[in-house]
Student: 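This is the structure I have questions about; it appears just below.
Note that the structure is predicted; figures quoted are calculated from it, not measured.
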4 protein chains.
Amino acid sequence: MKNVDSTQDKRRDILEAAEKVFRANGFTAAKMDEIAELAGVAKGTLYLYFDSKQDLFVSLLEDRIWEYVATLTKKLEEVCSVQGFVQTLAKVRGQLFVKNRWLLESLSHSLPDFSKEFRMRIWNLRKGLEEPTIEALTRLLPPDYPIAPLQAAAMVNGALDYTVGTLILHGQPVVLEDVARALEYILLPGLSQAPGEDYSGQ
Amino acid sequence: MKNVDSTQDKRRDILEAAEKVFRANGFTAAKMDEIAELAGVAKGTLYLYFDSKQDLFVSLLEDRIWEYVATLTKKLEEVCSVQGFVQTLAKVRGQLFVKNRWLLESLSHSLPDFSKEFRMRIWNLRKGLEEPTIEALTRLLPPDYPIAPLQAAAMVNGALDYTVGTLILHGQPVVLEDVARALEYILLPGLSQAPGEDYSGQ
Amino acid sequence: MKNVDSTQDKRRDILEAAEKVFRANGFTAAKMDEIAELAGVAKGTLYLYFDSKQDLFVSLLEDRIWEYVATLTKKLEEVCSVQGFVQTLAKVRGQLFVKNRWLLESLSHSLPDFSKEFRMRIWNLRKGLEEPTIEALTRLLPPDYPIAPLQAAAMVNGALDYTVGTLILHGQPVVLEDVARALEYILLPGLSQAPGEDYSGQ
Amino acid sequence: MKNVDSTQDKRRDILEAAEKVFRANGFTAAKMDEIAELAGVAKGTLYLYFDSKQDLFVSLLEDRIWEYVATLTKKLEEVCSVQGFVQTLAKVRGQLFVKNRWLLESLSHSLPDFSKEFRMRIWNLRKGLEEPTIEALTRLLPPDYPIAPLQAAAMVNGALDYTVGTLILHGQPVVLEDVARALEYILLPGLSQAPGEDYSGQ
DNA sequence: AATGAATGAGCATTCATTCAT
DNA sequence: TATGAATGAATGCTCATTCAT
């Protein structure tokens, strides 16, 4: 009992320390020494829980992403309109982005020297990250909607992430409600129109 | 004169070599030795033209981005409708993304250990990259459009980049015409509607 | 009683595991973890029976060498001619060499970082290994034989070991009877001749 | 000119430092830092001249062994009797052994973790080391001598090395003339006898 | 301006040993 | 006695940068 708990505790401590250090420095510049010190364990202990720096990094991504995916999936299952979808997405994914921008950006970056196994794990994460959005859109968009859910999801997610990223870049406060409103204003008409409709404003 | 030309030639040779090596390996894994060899100069010569590896990297980004910004600015100046804007953007920025994905991703990634000066130069690039889009939208959107051009631009650019990135990730062919069409279908209604209009599909 | 037996059993298990691992990897590359696992005990238990990796290694050598020395001593005591000596030696020591080449080579190799105490123990082993040969030759050679038994023994042992080693190196099968015959052919005349005899072939 | 010389000088300096350090500590315990310091160069410089610690080690063996092989080959070519052969061998190989005992022992030891390439290079050295002896014996022994030169050479070399090693082990002075005499006394009769001869002293 | 040999700080990983249980 | 989780010192190798020529 105690052993299992203490083992899980230590693993969690290490992941938390790793998150801070990776976030602050990026993968390459992060130092295992610093992670160990921050986690309050000896350097060698890191290797009892993770095979390598790469494994630690990807395990961290997995831990955080799967947790987020589960949350988002649950929230989106309760949604029954495209509008609700956009609002929920903006809130949940936007929050993730604000808190873990580096994490999402790490995913879309090919890390140096990563072995095939790790590239595969990252690839799975990237795909998994889109799953809830794709699923929700598949359910909510009209069956004859002319854009594939994969692409529609990419556009919504891209618009959301990039907007939040831009606000951060420009030092402006990120108010997710405002972002949600803008997202609705720009995307909802296109997502809501019937396939045959003339969408051009002319 | 001759000296200036030869100097410029060598600088260009180095930038071209650097582009290939950085693209193939990313910043950290790229080696100055390889760049020098590919450029046909001695290792020490690199330091006659650039202060450091970081300087070479950022100079390369600047060189390529400003060139692209000039092109896009010119193309967008000829555009006189939101629809034309979306089509032109998809073509020009989409092309850049397909060819220089690593370049754009480098911009949005916090490079490890980069000094403040370099972070600033990269920040300028990121802002400059959005300029033409913002400018065009400022001109083309109705004056009372409720979304700030900065955010609108972010959404269009994000939707475009993320869609192309997703296609690449899934190993699907990137046909920019199709991407442009999907972009139009989803974004144009929202970008074209009058401010007071009821956009919700209900 | 029971305790003693069980203790002896465990000690023997560890030595057997250690033999396999040391033989396969050599001293430095052998890992205590692997030895413990193969012996079916916990890593810490090794240190209840042996002070250190070095102690385990040298204890193993001692265990095996003294056992071999006892065997050879007994066999050589029954021998009553130089020819019988050569034959018996080729058979017994040759066998040891074929089966435990690494063991003999370990003895003649200065192990890295071994402390003085351990070097001494190894030195004793090396000397002990020659004892039976020296004793037998002292008994069998004519009292006025001009070569000291120590040197004569060294020559016989060296010729034997090196020949077997060479055969192994060249991937040739080691037939100890053949080796014994060659050894006899080359060494016996010299070992058998009376001191004053003219041994040169001229 | 100067560059080539200075390059050769530095390579030689490194080899000399490596010899001292490897001799004193063995391969595994030897530290590249110490070699660099002793050679008076920076650690990185070692890697300009040798690919790795293993490469440095094997290159050193090669350098020393080939030099010795050339010397021995030349000396043995002038020899025209088995007796002369034994004397010359004792002098030249004995000298090598006294000075570079660790070197010869390194050869007959399977170094830990050595890659196939390096094992091959060491194997070639071991074979090359026997070449001059085999060649000389092939020339000097009667054509119908019943022992293959390879085995005869192994016996002579083994007897010689082991004798010298034993003297060193026992702390006795190594007088090569005495060793040569003992070697002659014991080996010459066997090496000189005609094939049909009865060699047993009985 | 150009070279390229030399530098040396920096770092992930291993593994014998310990000690609380 | 026995365990095995935790330790942390130890080390080969890389590569951006310098500088004598």
Side-chain angles (χ1 to χ4, degrees), chain A residues 2-3 6-7 10-11 28-37 39-56 113, chain B residues 3 6-7 10 27-37 40-57 113, chain C residues 3 6-7 10 27-37 40-57 113, chain D residues 2-3 6-7 10-11 27-37 39-57 113:
Chain A
K2 210 174 178 181
N3 280 341
S6 117
T7 281
K10 200 153 283 185
R11 191 189 145 92
T28 307
K31 285 162 197 113
M32 293 298 267
D33 288 47
E34 199 184 341
I35 294 174
E37 196 186 14
V41 300
K43 220 186 315 185
T45 306
L46 298 183
Y47 291 86
L48 292 180
Y49 291 86
F50 302 95
D51 290 339
S52 63
K53 189 185 180 186
Q54 291 192 5
D55 183 42
L56 172 55
D113 289 328
Chain B
N3 281 341
S6 128
T7 283
K10 200 155 283 186
F27 176 78
T28 308
K31 292 173 188 59
M32 293 298 267
D33 290 54
E34 200 183 342
I35 293 173
E37 194 186 16
V41 300
K43 221 188 312 185
T45 306
L46 298 183
Y47 290 84
L48 295 177
Y49 291 86
F50 301 94
D51 289 340
S52 65
K53 190 187 181 186
Q54 291 191 4
D55 182 41
L56 172 55
F57 182 74
D113 285 331
Chain C
N3 280 342
S6 131
T7 283
K10 201 155 283 187
F27 175 78
T28 307
K31 291 172 189 58
M32 294 297 268
D33 290 53
E34 199 183 343
I35 293 173
E37 194 187 17
V41 300
K43 223 189 311 185
T45 306
L46 298 183
Y47 291 85
L48 296 177
Y49 291 86
F50 301 94
D51 290 340
S52 64
K53 189 184 180 187
Q54 291 191 5
D55 181 42
L56 172 54
F57 183 75
D113 285 331
Chain D
K2 208 172 178 183
N3 280 340
S6 119
T7 282
K10 198 153 284 185
R11 189 188 147 92
F27 176 78
T28 307
K31 286 163 196 112
M32 292 299 266
D33 288 47
E34 197 183 343
I35 294 174
E37 196 184 17
V41 298
K43 218 188 312 185
T45 305
L46 298 183
Y47 292 86
L48 292 179
Y49 290 85
F50 302 95
D51 290 340
S52 63
K53 189 185 181 186
Q54 290 191 6
D55 182 42
L56 172 56
F57 182 75
D113 289 328

Student: How long is the line joining CZ of B/F57 and C1' of F/dA16, in whole Å?
Tutor: 16 Å
Student: Between E/dA6, E/dA12, E/dA16, which one does the side chain of A/M32 approach most closely?
Tutor: E/dA12
Student: Specify the closest pair of heavy atoms between D/K53 and D/A30, including all atoms of both residues, with the distance to one decimal.
Tutor: NZ-O, 2.8 Å
Student: If you look at every strand shown and take non-hydrogen atoms under 4.0 Å, does D/K53 touch a base, only sugar-phosphate, or nothing?
Tutor: sugar-phosphate
Student: Let me know the distance between NZ of C/K43 and P of E/dT21, rounded to the nearest Å.
Tutor: 19 Å
Student: Rounded to whole angstrom units, what separation is found between the CG atom of A/D51 and the C1' atom of E/dA12?
Tutor: 14 Å
Student: Rounded to the nearest angstrom, tell me the gap between atom OH in B/Y49 and atom P in F/dT17.
Tutor: 18 Å
Student: State whether the side chain of A/K10 and the backbone N or O of A/A39 hold a donor-acceptor pair below 3.5 Å, judged by distance alone.
Tutor: no
Student: Classify A/A30 by what it touches in the nucleic acid, base, sugar-phosphate, or nothing, heavy-atom distance under 4.0 Å.
Tutor: sugar-phosphate
Student: Compare every heavy atom of C/D51 with every heavy atom of C/D55, then report the nearest pair and how far apart it is.
Tutor: OD2-N, 3.0 Å
Student: Can you check the D/L56 CG to F/dC13 P distance for me, whole Å?
Tutor: 10 Å
Student: Please lay out, stage by stage, how C/Y49 and C/T7 fare under the test side-chain contact (heavy atoms from CB on, under 4.5 Å).
Tutor: CA-CA 9 Å; C/Y49 291 86; C/T7 283; 3.7 Å; yes
Student: Closer to the 5' end of DNA chain E via nearest nucleotide, is it C/S52 or A/D33?
Tutor: A/D33
Student: Using whole Å, report how far OH of C/Y47 lies from C1' of F/dG4.
Tutor: 13 Å
Student: If I take atom CD1 in residue A/I35 and atom P in nucleotide F/dG8, what distance separates them, rounded to the nearest angstrom?
Tutor: 18 Å
Student: For DNA chain F, which consecutive runs of 3 or more Watson-Crick or G-U pairs (each distance under 3.5 Å) count as stems?
Tutor: E:2-21 with F:2-21
Student: Expressed as a whole number of angstroms, how long is the span from B/L48:CG to F/dT17:P?
Tutor: 14 Å
Student: Both C/K10 and B/G44 contact DNA chain F. Taking the nearest nucleotide for each, which residue is further toward the 5' end?
Tutor: C/K10
Student: Which atom names give the shortest non-hydrogen contact between A/M32 and A/L46, and what distance separates them?
Tutor: O-CD1, 3.5 Å
Student: Could you give the distance from CG (D/L56) to CZ (D/R11), rounded to the nearest 0.5 Å?
Tutor: 9.0 Å
